[in-house]
Amino acid sequence: MLSPRSRGKGGRRFPGRDGGRGKQRLMAPWRKCANHAVDSFTDTQQEIATVSFYLGSVTSEANIVYRFDQRAAREGFPYQFEVIPAGFKSFVFVVRVPALFKTIVEAIVAELKRK
């Protein structure tokens, strides 16, 4: 006698496993560390400056983003952050800020490079 669950090949879902939405794209781990980053700059009148830096081989890009985020929150300026892979465990970090805060960002980057 066949199992009461056996209804041909159509119902292959196991008990306790609902349909779900399938595989979801994972968020990059560093995105969770940039809590104070903005999605876009609301005032389009202001000039945007870009500061990019390379720290060589780092163990965790999330750690660098977190440390930058904490300093940016303390200084109180809006920023956008982007991490670009540049090889094995090496990344180029790109920060976009209003031009007024460029010198502050460069000071933070210099401090991150020292550590």
Side-chain angles (χ1 to χ4, degrees):
M1 185 170 147
L2 295 175
S3 166
R5 283 186 28 221
S6 177
R7 305 253 190 253
K9 294 185 179 181
R12 293 184 177 180
R13 189 167 29 117
F14 294 105
R17 297 290 305 250
D18 58 349
R21 286 178 27 189
K23 286 190 176 182
Q24 295 182 8
R25 189 173 177 195
L26 294 176
M27 184 188 307
W30 64 267
R31 291 215 184 263
K32 296 177 186 173
C33 297
N35 294 331
H36 299 95
V38 296
D39 292 329
S40 64
F41 293 105
T42 56
D43 186 10
T44 57
Q45 302 294 334
Q46 56 186 326
E47 188 177 327
I48 304 299
T50 302
V51 178
S52 58
F53 59 100
Y54 174 76
L55 296 179
S57 180
V58 294
T59 55
S60 170
E61 73 274 17
N63 185 22
I64 303 297
V65 173
Y66 175 77
R67 287 173 28 207
F68 181 88
D69 181 67
Q70 294 303 304
R71 283 294 309 271
R74 210 174 312 142
E75 298 291 336
F77 60 84
Y79 72 95
Q80 290 178 332
F81 211 93
E82 185 178 356
V83 177
I84 302 169
F88 182 70
K89 292 199 176 234
S90 60
F91 305 93
V92 174
F93 301 94
V94 179
V95 183
R96 289 181 194 84
V97 292
L100 181 68
F101 299 107
K102 184 176 180 178
T103 56
I104 297 172
V105 170
E106 289 171 344
I108 294 172
V109 167
E111 182 180 314
L112 288 175
K113 285 184 177 183
R114 278 195 301 257
K115 291 184 179 181

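Worth saying up front: this structure is predicted, and the values here are computed from it rather than measured.
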Give the minimum heavy-atom separation between [X] and [Y], together with the two atoms involved.
X    : Y   : value
I108 : A72 : CD1-N, 4.4 Å
P98  : P78 : CD-O, 3.5 Å
A49  : A99 : CB-CA, 3.9 Å
D69  : A37 : OD1-N, 4.0 Å
A86  : V92 : CB-CG2, 3.9 Å

*asked:* Run K113 and F53 through side-chain contact (heavy atoms from CB on, under 4.5 Å) and show every step you take.
replied: CA-CA 9 Å; K113 285 184 177 183; F53 59 100; 4.0 Å; yes
Check your understanding: Where does the angle between the aromatic ring planes of F91 and F93 fall among parallel (under 30°), tilted (30 to 60°) and perpendicular (over 60°)?
Key ->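 F91 and F93: tilted rings.
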Fit a plane to each ring of F68 and F81, take the angle between them on a 0 to 90° scale, and name the class: parallel (under 30°), tilted (30 to 60°) or perpendicular (over 60°).
->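 Plane angle between 30° and 60°, so tilted.
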(message) Rounded at 0.5 Å granularity, tell me how far CD in E75 sits from NE2 in H36.
(response)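 Taking CD in E75 and NE2 in H36, the distance rounds to 13.0 Å.
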Quiz item: If you measure from CZ on R96 to OG on S40, what distance do you get to the nearest 0.5 Å?
Solution: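 Result: 12.0 Å between the selected atoms.
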Margin query: Between L100 and F77, does the side-chain contact (heavy atoms from CB on, under 4.5 Å) criterion hold? Intermediate values first, please.
Written below: CA-CA 9 Å; L100 181 68; F77 60 84; over 6 Å; no
- prompt: Under 4.5 Å between any side-chain heavy atoms of L112 and R67, yes or no?
  reply: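 A side-chain contact under 4.5 Å exists here.
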Tell me if a side-chain donor or acceptor on Q80 pairs with a main-chain N or O of D39 at a distance below 3.5 Å.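 Here the side-chain-to-backbone pair exists.
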Side-chain heavy atoms nearer than 4.5 Å, only ILVMFWY residues, links allowed to pass through others: does that put Y66 and Y79 together?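 Not linked; separate clusters.
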Inset, instruction - Please check if Y54 and I64 belong to a single hydrophobic cluster, counting links between Ile, Leu, Val, Met, Phe, Trp and Tyr side chain heavy atoms closer than 4.5 Å. - result: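 Per the 4.5 Å side-chain linkage, Y54 and I64 are not co-clustered.
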